[in-house]
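Keep in mind that this is a model prediction, so the values were computed, not measured. Any value given below was found using the heavy atoms of this structure, including those in side chains, with hydrogens, waters and symmetry copies removed. Proteins get letters first, then strands, A, B, ... in listed order; numbering begins at 1 in each.
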Number of protein chains: 2
Amino acid sequence: MEAASKARSTPNGRGRRATRASGDDRERAILETAERLLEERSLSEISVDDLAKGAGISRPTFYFYFPSKDAVVLTIVDRLVADAAGSREEALGTLAQGDPRAGLRRALEDLYGAFRSRRAVALAAAELRPTNSEARDLWSQVMEGWVSDATAVIEAERARGAAPPGQPARDLAIALVQMNERVQYATFAGESPSLEDERVLDVLVDIWLRAIYGTPEPG
Amino acid sequence: MEAASKARSTPNGRGRRATRASGDDRERAILETAERLLEERSLSEISVDDLAKGAGISRPTFYFYFPSKDAVVLTIVDRLVADAAGSREEALGTLAQGDPRAGLRRALEDLYGAFRSRRAVALAAAELRPTNSEARDLWSQVMEGWVSDATAVIEAERARGAAPPGQPARDLAIALVQMNERVQYATFAGESPSLEDERVLDVLVDIWLRAIYGTPEPG
DNA sequence: GGACTGTATCAACACCGTGTCGATTAAGTC
DNA sequence: GACTTAATCGACACGGTGTTGATACAGTCC
């Protein structure tokens with residue numbers, strides 16, 4: 001959905017107010033500085049001055065390019081999300097027909113990979129959510145996309161008799177997608193009880209399969 | 001684990017420096033003000049001055065009772081966690097023998113109920129985690145408790161032949177416990193894709209049962 | 001009942017991060 | 001060479017945090 005990242009003619013509201021001169025370099029410098037610093041410390045430990053210094057400008061000049069520190073992060077997250085959306089489209093095709101286990105694994109793999117390759121940004125986005133409504137809205141859209149995809153898959157599998165009935169497909173999808181988010185976040189952040197990087201996919205795929213195709217009754 | 005809440009003789013580091021006079025009222029007033037304000041707005045929108053005013057004291061006096069705003073929230077969360085731990089102990093007994101579905105539901109119900117009844121505090125704790133290491137450590141301990149309980153249950157069920165083998169019990173437990181946390185948080189916060197309050201337990205119990213007792217292979 | 005001790009209180013201060021204003025410079029047009 | 005418009009920054013105002021030092025206000029203790 002709405003990328004507006006390449007559309008340099010249309011100012012995207014988040015970035016700079018309508019320009020085309022050499023200041024593009026500075027804008028990029030700010031974004032790169034932000035990504036670099038986020039590898040070292042958390043968002044709350046980075047000030048506007050740090051970003052300005054890193055880009056070789058003064059703090060007031062920073063505000064010529066971005067309205068706030070949050071806006072910088074949102075711009076970066078926007079792009080990450082757009083990239084991840086690409087993987088998703090692609091993976092959904094694989095999932096549609098053929099071996100469900102392999103298809104589901106491909107889909108979750110792509111998603112996991114997209115965020116793991118830019119851990120720092122993913123963690124910053126999470127840190128922003130509680131205090132920034134724009135970040136919340138953006139993430140809501142992202143989650144909604146995955147949930148509706150997963151819902152469609154579950155319903156299709158039930159329709160063709162491959163999966164048994166159970167909880168409403170959308171409810172199941174919400175819980176599973178939120179599980180993925182949380183498990184991945186914990187692993188990225190290196191939380192104390194968390195899955196090892198190499199185990200994440202095995203465990204998640206297994207739970208998804210059992211939740212979708214398994215029967216609920218214990219022996 | 002370590003409550004140190006009743007132990008008024010031992011100053012608990014978080015609270016006030018060794019006292020016993022009428023200032024106890026003020027300490028309680030601050031805690032109550034914090035809980036009250038958290039019902040209205042998020043932690044980041046509450047200042048030390050708000051807490052002081054609410055308790056009828058000046059901002060410097062606040063620092064006589066607590067070293068920071070975070071310390072107030074941590075004190076409250078400490079108590080919530082202690083309460084929740086009580087429920088857990090109790091629920092584990094029920095789970096041990098008899099109908100697994102009913103037992104599991106009881107356990108998850110108690111946990112869900114403990115946090116739902118003080119939503120605002122739970123949300124504040126989550127907001128604190130990214131910026132406060134003490135909050136992270138506290139929550140780590142809480143998660144670890146649930147994870148090791150769940151691990152034990154899964155291993156016991158596998159040992160007695162009620163549950164089939166599968167992913168390592170602890171890995172499964174981590175993912176499931178983190179799912180619960182995330183799903184419950186989303187519901188409390190009223191996030192956009194989130195489960196309705198009345199659906200949460202049905203969905204979570206179902207996924208737990210399928211993940212523990214189900215077989216992974218699709219038809 | 002006056003000297004002593006520890007609790008409780010707050011005005012004033014120093015500090016830091018944010019965001020804005022106004023003045024200034026450096027390029028392009030035409 | 002007068003006119004815009006991009007780009008820059010010093011100086012300011014603001015709001016929040018945490019500390020210091022002075023002070024009032026109990027209660028002992030002799």
Any N/O donor-acceptor pair, B:R59 side-chain to D:dG18 base, under 3.5 Å: yes
Find the distance [X]:[atom1] to [N]:[atom2] and express it as a whole number of Å.
| X | N | atom1 | atom2 | result |
| --- | --- | --- | --- | --- |
| B:F64 | C:dT7 | CZ | C1' | 6 Å |
| B:K53 | C:dC10 | NZ | P | 11 Å |
| B:K69 | D:dG16 | NZ | P | 10 Å |
| A:Y63 | C:dG22 | OH | P | 18 Å |
| B:D49 | D:dG18 | CG | C1' | 13 Å |
| B:F62 | C:dA8 | CZ | P | 15 Å |
| B:E45 | D:dG15 | CD | P | 16 Å |
| A:L51 | C:dG19 | CG | P | 11 Å |

Below 4.0 Å: OP1/OP2 of C:dT9 and any side-chain N or O of B:T61: no
Short side-chain N/O contact from B:Y65 to OP1 or OP2 of C:dT9, under 4.0 Å: yes
A:R136 (side chain) donor-acceptor with A:R129 (main chain) under 3.5 angstrom: yes
Parallel, tilted or perpendicular: rings of A:W146 and A:W139 (30°, 60°): perpendicular
Nearest-0.5 Å distance that lies between atom CG in B:N132 and atom OG in B:S68: 7.5 Å
Proximal nucleotide (of D:dT8, D:dA11, D:dT17) relative to the A:P60 side chain: D:dA11
Contact summary for A:L43 and A:E127, nearest pair of heavy atoms: N-OE1, 3.3 Å
Sugar-phosphate only, base, or nothing, as touched by A:S58 at under 4.0 Å among non-hydrogen atoms: base
